Novice: 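This structure is in structure tokens; I'll ask about it shortly.
What you see is a predicted model; the values in this text were computed from it and never measured. In what follows, every heavy atom counts, from backbone to side chain, and hydrogens, waters and symmetry copies are set aside. All residue numbers in this chain count up from 1 along the given sequence.
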Amino acid sequence: MSLRVRSVRSVGLICFVVASMLLCCAQSFEPAPKQYRARLEDVPPWAEQGNFRFIRLDGGQIESWKAERTWWGKDFSADEKEVLTHIYDRDFEQMLGLLKRAEFNWIWVTWSSGWSLKDEDENRENLKKVIARCHENGIHISAYLSASNIFRKSAYRDDPETKNYGLWMHGIPMFYAGPTMTDPHISWQRRLADAREPGWRAYLMKKAELAVDAGVDAIIWDNMIGYNSGLAQLLDDTQVMAERKAQETGRAKVMVSANIHIPPDRFGMNDINEAIWEEDGKDTPGVWDGKWQVDNARKIKFLSGEKQLWQPMMYENDLYHCGPRERCFPSPAEQKLSIAEAYTFGAATSRNIEGRFISALINGKPEAQEAWNAIVQYNHFLVEHQELYHQATPVARIALISTQPLNPLADEFLKQSVFFETKVLAHLDKGVPLDRFKVLAMPPGLPKLNAEQKAQLAAFTAGGGVIIRAGKEEPGIAARAEAAAAGPRLSLEPRGYVLGQLTRKPDGRTLILHLLNYDHQTPAENVKVRLELSGLVQDLSRWEVKVLSPDAAHPQLSSLSLHGSVCEFTLGRIEHYTAVTLSAKPGP
């Protein structure tokens, strides 16, 4: 190996480490007080949680060029590159038919990914037609733009001012993840820009404004790499532009979102955004080699504790159990559970179908059609029973404190079907308000509380709240929390790999029990359910119970007993997902 190659690889590793540092700053970041704050009234009804089904539709020639220059796409087959290149022109009507059959009503498209304005022009022209056709069919559009990426040979040639906006740290130029070990040449082509530079933000605003002029409904910023102050200012600039365009045109203001990622030290930037989109999933829900995988449910709860209650949220895996999202796609059973899990816990599933999945779909491959049919089946259920997910809120009286997404106690609570919500220590003012809970569970190993956090917890206990501190090896913490909360609780027999979540509609006259079976291979059969509704309903005698499932036209419910605040019944089969509704009959 030559000295030059060793040097290139060393610098690449340094760049990767430094870029990671820029993504995860040590201190918690909050936008400057003068910067924009998103408002509930700017979320249109179609974008409210439970009202939309979302999917990514990355594509176009510029996306194919990008894939060739990035580790995740450099090995795409000729067919995969061909479909990716032509999904907005030659293959779009076929794709539109697939979207309509699956009842998707929100997609994103690749508007700009770091090429020059000239090189992105053909893509923009294709997308104007795509946007019009989607709107004709009730599908809303987010325009995807990169916040920091520069393809040097393109942008430097046609837009030479971009040479002045490079991101540096400690005298080192930042590139997208540094060069790969297998092909150092690839990532050197993706220079990173510094969003603190007003000229760079103005350059990006030209591209974003073109998207608004083309009729998009939202802007999504990706590659949020760099200094947080500059990235927050980029979001602020976008919102200012969006408000100005709404005033000029009379159209609704476009929404803004960004790929901030889940760590609390950066998440505060989402206060500037109307919507939340995160790709922090690393595995598919299920039971794998005897391990019950509930990571995504836990992370969705964590994200819900970081955001404003009204912000719609989309959640995506960048890794499936079968591998990277570009190289494989989950089985029909995995598709179904992923959809049901996300909607159960107050999010919407997001998918990246770029690469193998979209190519196989367009080319009619049976395995892709089977996976898509599963999506069609479950999306249809979401549409048919939209009331189960729209304006439905959790009933939990137990809050679990977390500092980071990984919390073993949250996994334990989930697997025992304890009704709880997550409160993020750095964002106690976000998510479900503390005063709506009766019990606050504190896991071991929490950092020292600051003065504001101590005051918030003091107010909680002064209002009658109970704090339970878990020991390192303490068993039975879930039972202690449920007893202290004296609220709703669920027991399942046999428990197997089924977990439950309980939500309710705003008037309190409809409760929804969501039951998820994580065992893809074995349906749960003859499950005895005991649901205690203490603190919610005193007398169930005038309540009606119904069972719904996308897996069965007429799911079986037997041995129903309603006594006081206790509801008991037996479900004949839970294949993947079943919802049970309890509704108060009209009358006094």
Side-chain angles (χ1 to χ4, degrees), residues 42-63 83-112 120-145 207-220 242 245-246 248-257 274-275 277 312 314 339 348-354 357-358 361-364 368-369 372-373 375-384 386 390:
D42 288 326
V43 178
W46 63 263
E48 293 175 4
Q49 202 73 58
N51 284 355
F52 63 88
R53 283 78 51 205
F54 174 83
I55 193 167
R56 294 169 56 170
L57 191 62
D58 306 84
Q61 180 67 75
I62 62 171
E63 184 69 13
V83 170
L84 186 63
T85 299
H86 292 291
I87 201 62
Y88 297 152
D89 46 46
R90 183 193 66 197
D91 297 326
F92 177 69
E93 287 299 324
Q94 183 181 354
M95 189 69 228
L96 179 61
L98 290 165
L99 294 173
K100 289 170 61 179
R101 191 164 73 86
E103 300 183 77
F104 284 107
N105 62 348
W106 192 355
I107 68 172
W108 92 24
V109 295
T110 306
W111 186 261
S112 172
E120 292 177 346
D121 184 63
E122 180 183 352
N123 194 68
R124 286 194 298 273
E125 292 305 308
N126 287 334
L127 284 176
K128 289 175 184 177
K129 301 169 188 174
V130 167
I131 293 164
R133 290 289 289 131
C134 283
H135 284 170
E136 289 169 6
N137 288 275
I139 299 173
H140 303 276
I141 305 286
S142 287
Y144 169 103
L145 296 98
K207 295 186 173 188
E209 189 164 345
L210 288 171
V212 176
D213 290 341
V216 300
D217 306 284
I219 297 289
I220 167 74
K245 296 298 290 187
E248 291 173 356
T249 64
R251 290 182 57 215
K253 189 186 90 59
V254 302
M255 293 186 294
V256 177
S257 58
E274 285 88 9
W277 182 87
M314 291 144 279
I339 294 171
T349 315
S350 171
R351 288 177 189 79
N352 181 349
I353 59 174
E354 182 173 354
F357 196 3
I358 196 169
L361 267 178
I362 294 298
N363 289 304
Q369 292 176 327
W372 194 259
N373 287 340
I375 295 169
V376 169
Q377 178 184 341
Y378 265 55
N379 276 6
H380 179 71
F381 182 85
L382 297 176
V383 173
E384 189 177 13
Q386 194 165 307
H390 180 236

Novice: Working to the nearest 0.5 angstrom, can you tell me the gap between L99 CG and R133 CZ?
Specialist: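 So the gap between those two atoms works out to 11.5 Å.
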Novice: Within the structure provided, determine whether I87 and I362 are in side-chain contact (heavy-atom separation under 4.5 Å).
Specialist: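 Side chain of I87 against side chain of I362, heavy atoms only: contact under 4.5 Å found.
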Novice: Taking all non-hydrogen atoms of both residues, which atom of V254 and which atom of A242 are closest, and how far apart?
Specialist: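 So the minimum-distance heavy-atom pair works out to CG2-CB, 3.6 Å.
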Novice: Looking just at side-chain N and O atoms, do N123 and Q61 make a donor-acceptor pair shorter than 3.5 Å?
Specialist: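 Q61 and N123 do not have a side-chain donor-acceptor pair below 3.5 Å.
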Novice: With rounding to the nearest 0.5 Å, note down the distance linking CZ in R124 to CD1 in I131.
Specialist: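 R124 CZ to I131 CD1: 11.5 Å, rounded to 0.5 Å.
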Novice: For F92, check ring pair (Phe, Tyr, Trp, His ring centres under 6.0 Å) against everything at least two apart and list the hits.
Specialist: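 Once residues adjacent in sequence are excluded, F92 has no partner under the ring pair (Phe, Tyr, Trp, His ring centres under 6.0 Å) criterion.
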Novice: To check you understand the geometry: which heavy-atom pair defines the closest contact between A348 and F52, and what is its length?
Specialist: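 The pair with the smallest heavy-atom distance is CB-CE1, 3.4 Å.
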Novice: Taking the side chain as everything from C-beta on, heavy atoms only, tell me whether R101 gets closer than 4.5 Å to N373.
Specialist: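 Contact flag for R101/N373 side chains = yes.
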Novice: So, for A102 and I375, which heavy atoms are closest and what is the spacing to 0.1 Å?
Specialist: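 Closest approach of A102 to I375: CB-CG2, 4.4 Å.
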Novice: Only one of I141, I62, L145 passes side chain to side chain contact (heavy atoms under 4.5 Å, CB included) with W111; say which it is.
Specialist: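 Looking at I141, I62, L145, the match for W111 under the side chain to side chain contact (heavy atoms under 4.5 Å, CB included) is L145.
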Novice: With a 4.5 Å limit on heavy-atom distance, are the side chains of R251 and K245 in contact?
Specialist: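 SC-SC contact between R251 and K245 ruled out.
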Novice: Could you list the residues that satisfy ring pair (Phe, Tyr, Trp, His ring centres under 6.0 Å) with Y144, not counting sequence neighbours?
Specialist: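 In terms of ring pair (Phe, Tyr, Trp, His ring centres under 6.0 Å), with neighbours along the sequence ignored, Y144 is linked to W108.
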Novice: Indicate yes or no for a side-chain donor-acceptor contact from R53 to the backbone of N51 under 3.5 Å, with no hydrogens or angles considered.
Specialist: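 Flag set: sc R53 to bb N51 pair under 3.5 Å.
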Novice: Got a sec: does the CD of E125 have more than 12 other heavy atoms crowding it under 6.0 Å?
Specialist: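 Enclosed: over 12 neighbouring heavy atoms sit under 6.0 Å from CD of E125.
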Novice: Indicate yes or no: at least one non-hydrogen side-chain atom of I339 is less than 4.5 angstrom from one of R351.
Specialist: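 Yes, close enough: below the 4.5 Å cut-off.
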Novice: Minimum heavy-atom separation for G138 and N105, please, with both atom names.
Specialist: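 So the two residues come closest at O-CB, 3.6 Å.
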Novice: To the nearest 0.5 Å, how far apart are CG in D213 and NZ in K128?
Specialist: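 Answer for the CG-NZ pair, D213 versus K128, is 8.5 Å.
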Novice: With side chains defined as the heavy atoms from C-beta onward, is the minimum distance between D217 and M255 less than 4.5 Å?
Specialist: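 A side-chain contact is absent here, since even the closest heavy-atom pair is not under 4.5 Å.
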Novice: Quick one: does any side-chain atom of N352 pair with a main-chain N or O of E354 as donor and acceptor, under 3.5 Å?
Specialist: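 A pair under 3.5 Å: yes.
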Novice: Can you tell me how far CD of E122 sits from CG of L127, rounded to the nearest 0.5 angstrom?
Specialist: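 Rounded to the nearest 0.5 Å, the CG-CD separation comes out at 10.5 Å.
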Novice: Would you name the heavy atoms of V256 and E274 that are closest together and state the gap between them?
Specialist: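 Heavy atoms of V256 and E274 come nearest at N-OE1, 2.8 Å.
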Novice: Test your reading of the model: is there a side-chain donor-acceptor pair from N379 to the backbone of E103, 3.5 Å cut-off?
Specialist: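 No, N379 side chain to E103 backbone: no donor-acceptor pair under 3.5 Å.
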Novice: Could you tell me the separation between the CD1 atom of I55 and the CD1 atom of I107, rounded to the nearest 0.5 Å?
Specialist: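 The CD1 atom of I107 is 9.0 Å from CD1 of I55, to the nearest 0.5 Å.
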Novice: Under a 4.0 Å threshold between the charged nitrogen and the carboxylate oxygen, would D89 count as salt-bridged to K129?
Specialist: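 No.
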Novice: Ignoring hydrogens, what is the shortest heavy-atom contact between A275 and M314? Give both atom names and the distance.
Specialist: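 So the minimum-distance heavy-atom pair works out to CB-CE, 4.2 Å.
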Novice: Would you compute the distance between atom CG of L57 and atom CD of E63 and round it to the nearest 0.5 angstrom?
Specialist: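 So the gap between those two atoms works out to 10.0 Å.
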Novice: Please lay out, stage by stage, how M95 and I358 fare under the test side-chain contact (heavy atoms from CB on, under 4.5 Å).
Specialist: CA-CA 9 Å; M95 189 69 228; I358 196 169; 4.1 Å; yes
Novice: Under the side-chain contact (heavy atoms from CB on, under 4.5 Å) criterion, do Y88 and R90 qualify, and how do the steps go?
Specialist: CA-CA 7 Å; Y88 297 152; R90 183 193 66 197; over 6 Å; no
Novice: Classify the ring geometry of W372 against F104: parallel below 30°, tilted from 30° to 60°, perpendicular beyond 60°.
Specialist: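 Rings of W372 and F104: tilted, as their planes differ by 30° to 60°.
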Novice: Assess the residue pair L96 and I139 against the criterion (side-chain contact (heavy atoms from CB on, under 4.5 Å)); give the C-alpha distance rounded to whole Å, side-chain angles, the decisive distance to 0.1 Å, and a yes or no.
Specialist: CA-CA 10 Å; L96 179 61; I139 299 173; 3.8 Å; yes
